[in-house]
Amino acid sequence: MSKANFTLIGAGLTGPLLATYLAQRGHSVEIYERRPDMRKESISAGRSINLALSARGNHALKEVGLYDKIKPNTIPMKGRMIHDLDGITHLQPYGQKDNEVIFSVSRAQLNMELMTWAEETGNVTIRFNHQLISADLEQNKLMFQLSDSLEELELSFNRVIGCDGSASILRKSIVEKADVQYVKKPLGHGYKELTIPPLESGEFQIEPNVLHIWPRGNYMLIALPNNDCSFTCTLFFPMAGATSFKTVKTEKDILDLFQSQFHDAIKLMPNLVEDFQKNSTGDLASVYCKPWHLGDKALLIGDAAHAVVPFFGQGMNASFQDCSTLAKLMGQNENDWKTIFNTFSSVQVENGHAIADMAIENYLEMRDHVNDTEYKKRRNVELKLERMFPGQFIPRYSMVSFHQIPYAEVYQRGEKQFKIIGDVLKADPSGQSIDKAMVEKMLIHLRIRNL
Ligand code: FAD
């Protein structure tokens with residue numbers, strides 16, 4: 001029998017953060033993680049894979065006191081640097097204010113800091129090499145396999161929280177046990193991580209303070225900067241079809257693709273073919289699940305509850321916001337776990353679904369629309385409207401990345417704002433002049449309030 005108040009499954013990004021919130025409120029926590037301790041052993045998550053951290057993630061890190069430790073190791077990115085087919089580049093800023101930037105952070109480093117921070121509370125123990133294989137939610141029993149000995153181990157729990165990512169085993173048990181709506185929607189596109197190394201002099205080969213994108217219609221390549229002056233590139237590409245991971249395999253296929261589509265990038269990637277053939281292909285899917293809890297004994301959080309495709313750079317940020325929201329509910333409902341889990345689930349499920357949908361829409365924008373004249377015109381009008389109606393008209397990207405506005409509200413406001421932009425362009429297709437009085441009326445009519 002575990003004596004801990006809480007048993008968490010998974011010491012990825014969400015588990016240790018949630019454990020810290022719980023521990024700081026006096027609860028004892030045990031985390032069971034299937035992998036070995038990455039602070040001691042070099043495992044795949046230790047490669048220089050990075051993530052975009054934005055306002056929601058930063059807010060949670062500030063709440064648990066870890067932000068000041070993470071911040072110095074992040075690299076600000078002020079916008080998208082678009083690489084056209086002919087090699088010409090142009091910057092599309094993310095926002096209009098100096099502080100409207102997102103931050104590239106090393107996944108492994110952040111994960112390690114989060115684990116250490118959780119342990120330093122004195123209330124958190126992480127047990128590595130423990131893989132959850134099943135959960136008996138009636139008898140409060142968890143079955144683990146120990147990855148070093150392959151032995152099986154049964155443990156009891158008081159309350160269990162699944163932070164075990166998109167293929168969550170705890171979610172599977174909750175879905176089997178309760179009346180849960182669950183669907184996993186594959187995107188049909190996957191990804192491959194590649195690298196742009198630093199110059200021999202140790203400097204960045206290309207501009208570091210941006211997120212580079214090579215949009216190519218049905219697929220795209222992106223690159224985020226690392227502290228060692230390399231870039232982690234990700235090729236998002238169809239899993240099957242005429243031009244896909246199924247057809248691009250040999251050295252010739254890879255070089256043909258890159259020479260024809262990414263010829264300014266290929267020069268920067270001396271290990272392209274080796275990386276492409278050696279690195280695994282990741283699959284992408286969105287998880288929609290409702291509710292996220294079973295009574296007061298089991299809860300899902302982070303990717304386990306709402307895996308989203310990575311095109312808004314929000315999976316981790318959303319997961320961190322989950323932890324912050326749950327902590328707020330703990331404060332409001334002292335130890336009333338039934339109310340805490342129930343309210344958390346009913347508040348956050350729609351936010352999880354909204355960011356899952358917006359992330360898919362953003363894939364189309366990033367890989368295809370960013371270079372359309374129509375998109376550029378709409379974006380121009382959007383930025384003008386933001387200047388005209390500050391605090392009231394906020395571009396959707398900014399609401400997601402620079403604010404704490406719940407995602408479901410962002411989605412609704414975004415739809416209404418989309419309509420306003422359309423009407424402005426109907427009145428003047430060039431988007432040069434904006435009828436302020438007309439927009440004012442629409443803002444009132446559509447009930448877009450000041451934030
Ligand atoms: P994970 O990070 O997946 O952690 C789950 C943990 O549980 C792991 O440590 C795993 O080993 C462990 N585990 C799994 N099963 C078991 C088991 N049965 N027993 C015990 N332990 C188990 N998000 C952003 O905010 N910004 C980005 O820029 C961004 N970029 C991304 C790029 C890519 C290519 C991908 C795929 C995702 C990206 N994300 C991004 C999303 C982000 O990675 C996830 O949202 C985030 O990792 C979720 O954290 P988590 O702890 O819930 O899940």
Side-chain angles (χ1 to χ4, degrees), residues 7-19 30-38 43-45 47 49-58 60 74 77 102-108 110-112 114-115 126-135 142-147 153 155 160-173 187 189-194 211 222 224 232-237 279-287 300-323 352 355-356 359 362-363 400-401:
T7 301
L8 269 49
I9 312 298
L13 297 172
T14 310
L17 177 68
L18 178 61
E30 273 180 359
I31 311 183
Y32 291 86
E33 164 58 50
R34 70 174 170 196
R35 296 179 303 194
D37 188 347
M38 66 170 82
I43 53 178
S44 65
R47 281 187 293 154
I49 293 172
N50 45 30
L51 297 152
L53 179 65
S54 50
R56 293 166 205 261
N58 280 334
T74 62
M77 298 180 289
I102 59 174
F103 299 88
S104 178
V105 65
S106 151
R107 178 191 285 270
L110 179 59
N111 205 156
M112 290 190 276
L114 281 163
M115 289 193 285
I126 309 179
R127 305 203 189 281
F128 295 95
N129 299 311
H130 282 66
Q131 176 167 8
L132 180 72
I133 48 175
S134 64
L142 301 171
M143 184 64 82
F144 292 93
Q145 183 164 62
L146 308 187
S147 41
L153 178 73
L155 287 171
V160 61
I161 305 187
C163 319
D164 47 344
S166 59
S168 170
I169 295 293
L170 192 71
R171 184 181 66 227
K172 189 166 169 272
S173 303
L187 183 69
H189 287 218
Y191 68 95
K192 174 91 71 186
E193 263 136 6
L194 304 165
L211 190 153
I222 67 166
L224 273 75
T232 302
C233 303
T234 313
L235 174 68
F236 293 101
F237 208 54
N279 295 347
S280 56
T281 302
D283 211 349
L284 295 169
S286 313
V287 163
L300 300 172
I301 197 164
D303 272 19
H306 52 68
V308 305
V309 294
F311 307 109
F312 232 123
Q314 286 296 304
M316 164 188 64
N317 287 288
S319 305
F320 284 11
Q321 191 176 42
D322 284 347
C323 298
I355 189 57
N362 224 41
Y363 187 29
V400 167
S401 304

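Every number for a ligand or one of its atoms is a count from 1 in the order of the listing.
A salt bridge links Arg127 with Glu30: the distance from a Lys NZ or Arg NE/NH1/NH2 to an Asp or Glu carboxylate oxygen falls below 4.0 Å.
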Measure from every N or O atom of ligand 1 to the protein's N or O atoms and keep only the pairs below 3.5 Å, writing each with atom names and distance to 0.1 Å.
from	atom 1	to	atom 2	distance (Å)
ligand 1	9 (O)	Gly12	N	3.4
ligand 1	9 (O)	Glu33	OE1	2.6
ligand 1	9 (O)	Glu33	OE2	3.2
ligand 1	9 (O)	Arg35	NH2	2.9
ligand 1	11 (O)	Glu33	OE2	2.6
ligand 1	11 (O)	Arg34	NE	3.2
ligand 1	18 (N)	Leu132	O	3.0
ligand 1	19 (N)	Leu132	N	2.9
ligand 1	21 (N)	Arg34	N	3.2
ligand 1	23 (N)	Gly315	N	3.3
ligand 1	23 (N)	Met316	N	3.0
ligand 1	25 (O)	Gly313	O	3.1
ligand 1	25 (O)	Gly315	N	3.4
ligand 1	25 (O)	Met316	N	2.9
ligand 1	25 (O)	Asn317	N	3.1
ligand 1	25 (O)	Asn317	ND2	3.0
ligand 1	26 (N)	Ala52	O	3.0
ligand 1	26 (N)	Gly313	O	3.2
ligand 1	28 (O)	Ala52	N	2.7
ligand 1	43 (O)	Arg107	NH1	3.3
ligand 1	43 (O)	Arg107	NH2	2.6
ligand 1	45 (O)	Asp303	OD1	2.7
ligand 1	45 (O)	Asp303	OD2	3.4
ligand 1	45 (O)	Gly315	O	3.3
ligand 1	45 (O)	Met316	N	3.1
ligand 1	47 (O)	Arg107	NH1	3.2
ligand 1	49 (O)	Thr14	OG1	3.3
ligand 1	51 (O)	Leu13	N	3.2
ligand 1	51 (O)	Thr14	N	2.9
ligand 1	51 (O)	Thr14	OG1	3.0
ligand 1	52 (O)	Thr14	OG1	2.9
ligand 1	52 (O)	Asp303	N	3.0

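One side chain, His306 or Asp322, offers a donor N or O that lies under 3.5 Å from an acceptor on the other. Side chains of Arg34 and Gln131: a donor-acceptor N/O pair is absent below 3.5 angstrom, by distance only.
Side-chain atoms of Leu8 and Leu18, non-hydrogen and from C-beta on, do get closer than 4.5 Å to each other. Side-chain contact between Ile31 and Phe128 is absent, with no heavy atoms from C-beta onward closer than 4.5 Å. By the 4.5 Å heavy-atom criterion applied to side chains, Tyr32 and Val160 are not counted as neighbours.
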